[in-house]
Amino acid sequence: MHIIILLKPLAYLDPSTGSFIIQMLLAGLLGIAVGIRIYWKKIVAFFRRGKGAGVQDELDEMDEYGGKDDASSIDQDEE
Amino acid sequence: MTQPEKEFASFRDPSGFLFYQDEVLYRQVNQAYQPHYDRLMDSGLYQALIEQGLMVAHEEVEGISTPQPDLAYKVIQPEMVRFISYPYEWCFHELRSAALITLRLARLALEHGMILKDASAYNLQFVDGAWKLIDTLSFEIYEEGEPWVAYKQFCQHFLAPLALMASKDLRLNLMSRLFIDGIPLDVASKLLPLRTKLNLGLLTHIHLHARTQAKYAGKEVRREEVEGKISEKSLMGLLDSLRNTVKGLGVRISGTEWADYYDATNYSETAFEEKKALISRFVDQIQPAEVWDLGANNGEFSRIASDRGIFTVAFDIDPNAISKAYIQARKDRETNLLPLVMDLTNPSPGLGWAHKERQSLIDRGPVSMAFALALVHHLAISNNVPLPKLAQFFSEVCEHLVIEFVPKSDSQVKRLLASRLDIFDDYTEAGFEAAFKTQFEILQKAPVPESERTLYLMKVKQS
């Protein structure tokens, strides 16, 4: 008999089996996506250069990186 | 010294719990959580979280008696949060910010060898102009290969309501009030328009996610089938994909219900400035510790208090007006303003287990001062609430009240009455004063120059 023993002793949320399975299904794709994204960001950043950021971009910048202290930080992104 | 008392809502997580001792809030860290707590503190994660302003700071304390000392590893005293707000009271932009912060927390944790085990929207609060995690015990040691245990919760608490708001209606945020653990994904999937299936993020994280859940519901899966299958890189990819999905959701803040309000009133420039000056005078006179601005629109008058360093919650029924208030507060890093969506004719009730997990609005008061500016006519005439009932409500909510009476001769009230029978015989200045005098002492009364309106400063009568 199969028993679900996925949960670590402390995990108290019901993560739902399906939610695990879909992560597994997505896993391969998402790993590859991370690789692509690094280059993609550079391409996007290149084309966006010079364009003023909108209000939403400004908020995102704050939410994701704590806000920009100087104009160049938007290109740093991460990695 | 009183007996330590457990915080009612703190019972789900076996890692620890919140409790009060002499009206101070503490958190017990249980022995079961010891390795995770030590990792949090030693790995540099705690320091990074505090430096980036992403979590409330805490101090370890000793000699505090706890309700369950046998389980205790440590007792910590977290920084106090002045007002706990709930996701169903947040505007779209607030929920979106909280979602991005949650993903940032998850990434930061992974960089320190830990994983965010909870992605509950209730664990975030807008404090001093920034979003902070308030549950210190949300991290556990990450073991490569394991899936993200909070993935479902993130989708239910953030992605589903955001997608519904962005693609259907902003008011659907209220659905979070119906489902205490976020909107079930099968419900979200059924309600979302077909075109959201063309959005890769929503297609996978909501539609396919819901389908997979249904397919595997009640089925048993062996550990080996899942274990070790999700590399750290894939997990980062998952967080990234969620981030892009959230960032792809947006709403335009179009003309709000109140957008042109200040033009359509019979305010002149002078009246507007005089009204501000009067309110400032009342605030300076009372010097309240906190203010609730009930019916705040975009926070114009709330800022009279918050700009003076007084913590102010700005409530309005219009999600667009609250979005405007929030965006300005966030951009300008205003530290004393918390804008929230609230329908005062049906304010947030007590919810969850025994109605006590999430507090009602009244239970979160009373506040030292409330503003009710250009509000009474909406409640009394549009919602038919008799004036004595209004007075009763305000007396339960606050100690001091700055309230504006808007008479029938005012253009706004005329507009409300234009399409209905005037059944409001006692809606006069005298009727208003008589009703409020049963609960309040009128400290000051001043006409707003160049308008038909009157401003009052009142104090609740001691019973």
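Within every chain, numbering begins at 1; the chains are lettered A, B, ... in the order of the sequence lines, protein sequences first and strands thereafter. Hydrogens, waters and symmetry mates are skipped; everything else that's a heavy atom, side chains included, is used.
- Going from atom CD of Glu64(A) over to atom CG of Leu103(B) covers 8.5 Å, rounded to the nearest 0.5 Å.
- Closest heavy-atom contact between Asp63(A) and Tyr326(B): OD1-OH, 4.4 Å.
- Partners of Phe92(B) under the ring-ring contact (aromatic ring centres under 6.0 Å, His included) rule, at least two apart in sequence or in another chain, do not exist in this structure.
- One distance of note links NZ of Lys247(B) with CG of Asp57(A); it measures 7.5 Å at 0.5 Å rounding.
- Gln23(A) approaches Tyr151(B) most closely through the heavy-atom pair NE2-CB, 3.3 Å.
- The heavy-atom pair separating Phe20(A) from Trp148(B) by the smallest distance is CE2-O, 4.0 Å.
- Here Ser16(A) contributes atom OG and Lys152(B) contributes atom NZ; the two are 5.0 Å apart, rounded to the nearest 0.5 Å.
- Side chains of Glu58(A) and Ile327(B) form no contact here, defined as non-hydrogen atoms less than 4.5 Å apart.
- Neither the backbone nor the side chain of Phe154(B) comes within contact range of chain A; no heavy atoms are under 4.5 Å apart.
- Both the backbone and the side chain of Lys331(B) come within less than 4.5 Å of a heavy atom in chain A.
- Nearest heavy-atom pair across Ser234(B) and Ala27(A) is OG-O, 3.0 Å.
- In terms of heavy atoms, Thr212(B) sits closest to Gly18(A) at CG2-O, 3.5 Å.
- Note on Leu25(A), Leu59(A), Leu29(A), Asp60(A): by heavy-atom pairs under 4.5 Å with chain B, the leading option is Asp60(A).
- Residues Gln56(A) and His93(B) have side chains in contact (heavy-atom distance under 4.5 Å, counting atoms from C-beta outward).
- We find the OH-CG distance between Tyr65(A) and Leu100(B) to be 9.5 Å, quoted to the nearest 0.5 Å.
- When each of Leu54(B), Ile101(B), Val246(B) is scored by its heavy-atom pairs under 4.5 Å with chain A, the top score falls to Ile101(B).
- Take Asp128(B) and apply the salt bridge (Lys or Arg N to Asp or Glu O under 4.0 Å) test, not counting sequence neighbours, and it matches Arg82(B).
- Taking a 6.0 Å sphere around CD of Gln47(B), one finds it holds 12 or fewer heavy atoms contributed by other residues, nucleotides or ligands.
- Expressed to the nearest 0.5 Å, how far CD1 of Ile21(A) lies from CG of Leu208(B) amounts to 14.0 Å.
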